[in-house]
Amino acid sequence: MPRVRIKKKDYIITDFRKWLVGEMAVQGIRQKDVAEWPGVSQPAVSNKIKNGEFTLKELLTIFERFQVTEEQIGKLLKI
């Protein structure tokens, strides 16, 4: 089924979530480790991954820690 514009936000969240979980697995980073970066709890990170509701500050911190290039960010956020 093709992606439709109405669901674009949902697809971006799903794609980001899959990317983040994958990168965490590849680099051996746990939710507890991610929680320390922006200073939130591990359960909060779990909920944020599940719901895709990261703040801009949290996203920037994640991108910085995973050394994501501007080009990769554009692809992840479909900019």
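Here, residue 1 is the first one in the sequence, and each next residue gets the next number. This is a predicted model, so every value here is computed, not measured.
- The CD atom of Q31 sits 8.5 Å away from the CG atom of L20 when rounded to the nearest 0.5 Å.
- Taking CG from L76 and CH2 from W19, the interatomic distance works out to 5.5 Å, rounded to the nearest 0.5 Å.
- Annotation: salt bridge (charged side-chain N to carboxylate O under 4.0 Å, His left out) contacts of E70 (sequence neighbours excluded): none.
- Shown here are the side-chain contact (heavy atoms from CB on, under 4.5 Å) partners of Q72, two or more places apart in sequence or in another chain: V68, T69.
- We find the OG-CG distance between S41 and N47 to be 8.0 Å, quoted to the nearest 0.5 Å.
- The hydrophobic clustering, which links ILVMFWY residues whose side-chain heavy atoms are closer than 4.5 Å, places V21 and L59 together.
- In this structure, CZ in F16 is found 11.5 Å from CD1 in I12, a value given to the nearest 0.5 Å.
- Put simply, NZ on K18 and CD1 on I49 are 14.5 Å apart, with the number rounded to the nearest 0.5 Å.
- Atom CG of L60 and atom OG1 of T55 lie 8.0 Å apart (nearest 0.5 Å).
- There is a path of hydrophobic side-chain contacts, each under 4.5 Å, that joins F66 to L77.
- Every residue meeting the salt bridge (charged side-chain N to carboxylate O under 4.0 Å, His left out) condition with R30, not counting sequence neighbours, appears here in chain and number order: D33.
- Hydrophobic clustering places W37 together with I73 (ILVMFWY residues linked when any side-chain heavy atoms are closer than 4.5 Å, directly or through intermediates).
- With salt bridges taken as basic N to acidic carboxylate O contacts below 4.0 Å, one links K75 and E71.
- Nearest heavy-atom pair across F54 and K48 is CE1-O, 3.5 Å.
- Counting heavy atoms from C-beta on, the side chains of E58 and V40 come closer than 4.5 Å.
- Checking side-chain atoms of R17 against main-chain N and O of K50 turns up a donor-acceptor pair under 3.5 Å.
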